[in-house]
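Each ligand, and each atom within it, is numbered from 1 in the order the structure gives.
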Amino acid sequence: MVDLKGQYEQIKEQVNSSVLDVINSTAFINGPEVHSFQKELEAYLGVKHVIPCANGTDALQIAMMGLGLEPGDEVITADFTFAATVEVIALLRLTPVLVDVEPDSFNIDPEAIKKAITPKTKAIVPVHLFGQAANMDEIMAIAKEHNLYVIEDNAQGIGSTYKFANGTSTKTGSIGHVASTSFFPSKNLGCYGDGGAIFTNDDDLAHTIRGVVNHGMYKRYHHDVVGVNSRLDSIQATILRAKLPNLDNYNNARRAAARNYNQAFQDIKNIITPKVKGNNCGTDKNTICDTCNCHVFHQYTLRITNGNRDQLAQHLNDNGIPCGVYYPIPLHSQKAYLDNRYNEADFPVTNQLVKEVISLPMHTELDDEQIAFITKTVIDFVNQ
Ligand SMILES: *Cc1c(COP(=O)(O)O)cnc(C)c1O
C-alpha cells in the first residue's frame, strides 16, 4: 500500500546523518530536535502551538483531557472512521455519539450532527477522512450555536487546506479549538516509529496540554492535574524535520497518482471514484488541482457498486496488488461500542460504504506503469 523505502532513498543522506547526530548528542528525550520540529510545524501549519506527543491516539486523548471534558459528556464523531477516535472518548468515560457520514466525501454529515445534539453534548470530533477536510464551515457554525468544542482529527489530513465560504483559507488542524495528528509511518507525514502532535491557537489550552503530556506537571515534581506520559522522541523528530520541507511535494505526488487513477476509472461501470468536494475552493467539482490543495489523498478509495468488492480485493491480492478495506465494519456495530441509542436507520451511508469501499496503493513513489497495471487489473475484473 505504501513504499516507505523508495521515499527514504530520496532523503537517505540527510536522515542518516541527522539520526547519527542525535545518537551522538544523547539528547534522546525533549532534545533540541523536538523543539525545532515543533517550531517548524507551527510555522508550516500557521498554528500558534504544536505540542508533540507519542502517537495520534494519545493526541486525541490529551486534547480531550486538556479541554476538561468529564465523564458523561457526550462527544459526537463519525461512524465511518478508524476506531482510535471513538476509543479515546470511551476510555475517558465520555459518551461517544456516532453519526452518519456523507456519501460523496465520506466525512461526518453536518445534518446528522445537528440531530444528535443533546444538552449533554460537549464536543464534536470531525475526522478529515482519507485526506479531505470535513465541512468545517457548517461544523464550526453548529459548534458556535450550541457552545461546543471542535477537535479536528487531522491524522489523515496533514498538509491539506480548507477554504471557507468567506474566501479565507487555512490548513486543516488550525480550524477547531484543538486538533490532533499522527506521524505513524504510513501517514502523509510519517516518522520511522510512532509519533503524534496536538495543535491549538489557544494559549491557555496549550499551557494545560503541555502539563497533561508530562504527568500533569507544570513545575518539576508538582502534579497539578492527572496527566499522562506521552513524548515524541528526538530521533523521530529529526526524521520529521527532514521530511516536513517535502510534505507539499509528497502531497502533490499523491494527487498526481489520484488524477491518474481517476482518469483510468472515469466512466467505468460499477466504479465510483473518490469525490473531491472542493469545499468553496472555486475549482470545478472533482478537479484534483494542486493549487487549492483541498485533498491530500491519504487514501485513494473507490466504491464498487456491483456487490463484488470482496472478490475484487481477493483478485488484486492474487495479482500481487495490495489493497485495503477502510473500514469494513461501522463503529456503531463494533462490540466495544454497541449502544441502545443507535438505530440502524440512522446510518444508511456508513452501512452502505462498508460494503463498497476499497483503497488502492497510494504513496509518493507510484509511477505510471504501476498505476496502469493496477487500474487494468481492477477494470478487467469489474467489467468481466
Ligand atoms: C492513524 C489514525 C489515528 C491514530 O494514530 P496513531 O498514531 O496510530 O495512534 C487516529 N485517527 C485517525 C483518523 C487515524 O487515521
Side-chain angles (χ1 to χ4, degrees), residues 1-2 4 37 41 50-65 75-92 94 96 98-99 101-102 105-108 123-134 136 139 150-160 172-173 175-176 178-199 213 228-233 236-237 239-240 243 251 254 274 295-301 324-331 334 336-337 350 353-354 357 359 362-363:
M1 287 297 278
V2 294
L4 298 174
F37 172 63
L41 189 57
V50 166
I51 301 116
C53 67
N55 59 68
T57 309
D58 274 10
L60 276 166
Q61 176 181 332
I62 292 158
M64 290 177 203
M65 292 171 77
V75 180
I76 298 174
T77 193
D79 190 33
F80 186 66
T81 181
F82 182 55
T85 326
V86 65
E87 177 178 74
V88 300
I89 298 170
L91 203 61
L92 293 173
L94 313 173
L98 298 165
V99 302
V101 297
E102 304 172 330
S105 69
F106 308 132
N107 275 322
I108 193 164
I124 307 168
V125 188
V127 181
H128 303 311
L129 202 73
F130 302 154
Q132 172 162 238
M136 296 307 288
I139 291 167
V150 174
I151 304 161
E152 295 175 75
D153 183 345
N154 201 28
Q156 302 188 3
I158 197 158
S160 76
T172 56
I175 304 168
V178 59
S180 62
T181 201
S182 164
F183 304 121
F184 186 78
S186 65
K187 301 282 155 99
N188 292 35
L189 179 62
C191 59
Y192 295 169
D194 273 311
I198 303 127
F199 320 142
V213 297
V228 295
N229 168 30
S230 187
R231 298 183 283 240
L232 181 74
D233 70 71
Q236 301 310 330
I239 292 163
L240 289 164
K243 291 180 81 172
N251 286 338
R254 287 173 176 271
H295 199 322
V296 294
F297 286 96
H298 175 62
Q299 297 292 347
Y300 181 85
T301 304
V325 172
Y326 312 118
Y327 299 87
I329 303 170
L331 289 178
Q334 297 282 3
Y337 305 111
T350 302
L353 290 177
V354 295
V357 290
S359 299
M362 174 48 80
H363 53 82

inquiry  = Can you name the atoms of ligand 1, numbered from 1 with element, that are less than 4.0 Å from a heavy atom of Ala84?
reply    = 10 (C)
Atoms in ligand 1 flagged as close to Val127, the criterion being non-hydrogen separation under 4.0 Å = 13 (C)
What I want to know is whether [X] and ligand 1 share at least one N or O pair that is separated by under 3.5 angstrom.
X      : result
Tyr327 : no
Leu60  : no
Ser182 : yes
Thr57  : yes

Can you tell me if [X] uses its side chain to pair, donor with acceptor, with the backbone of [Y] under 3.5 Å?
X      : Y      : result
Asn154 : His128 : no
Thr350 : Pro330 : no
Ser160 : Gln132 : no
Glu152 : Ile175 : yes

request  = Classify the angle between the aromatic ring planes of Tyr327 and Phe130 as parallel (below 30°), tilted (30 to 60°) or perpendicular (above 60°).
outcome  = parallel
inquiry  = My understanding is that only one of Ile108, Ile76, Thr77 makes a side-chain contact (heavy atoms from CB on, under 4.5 Å) with Val125; could you say which?
reply    = Thr77
Determine whether the side chain, the backbone, both or neither of [X] has a heavy atom under 4.0 Å from any heavy atom of ligand 1.
X      : value
Lys187 : side chain
Asn55  : both
Asp153 : side chain

remark   = Looking only at protein heavy atoms, what sits closest to atom 15 (O) of ligand 1 is Gln156 NE2, 2.8 Å
query = When the aromatic ring centroids of Tyr326 and Phe106 are compared, is their separation below 6.0 Å?
reply = no
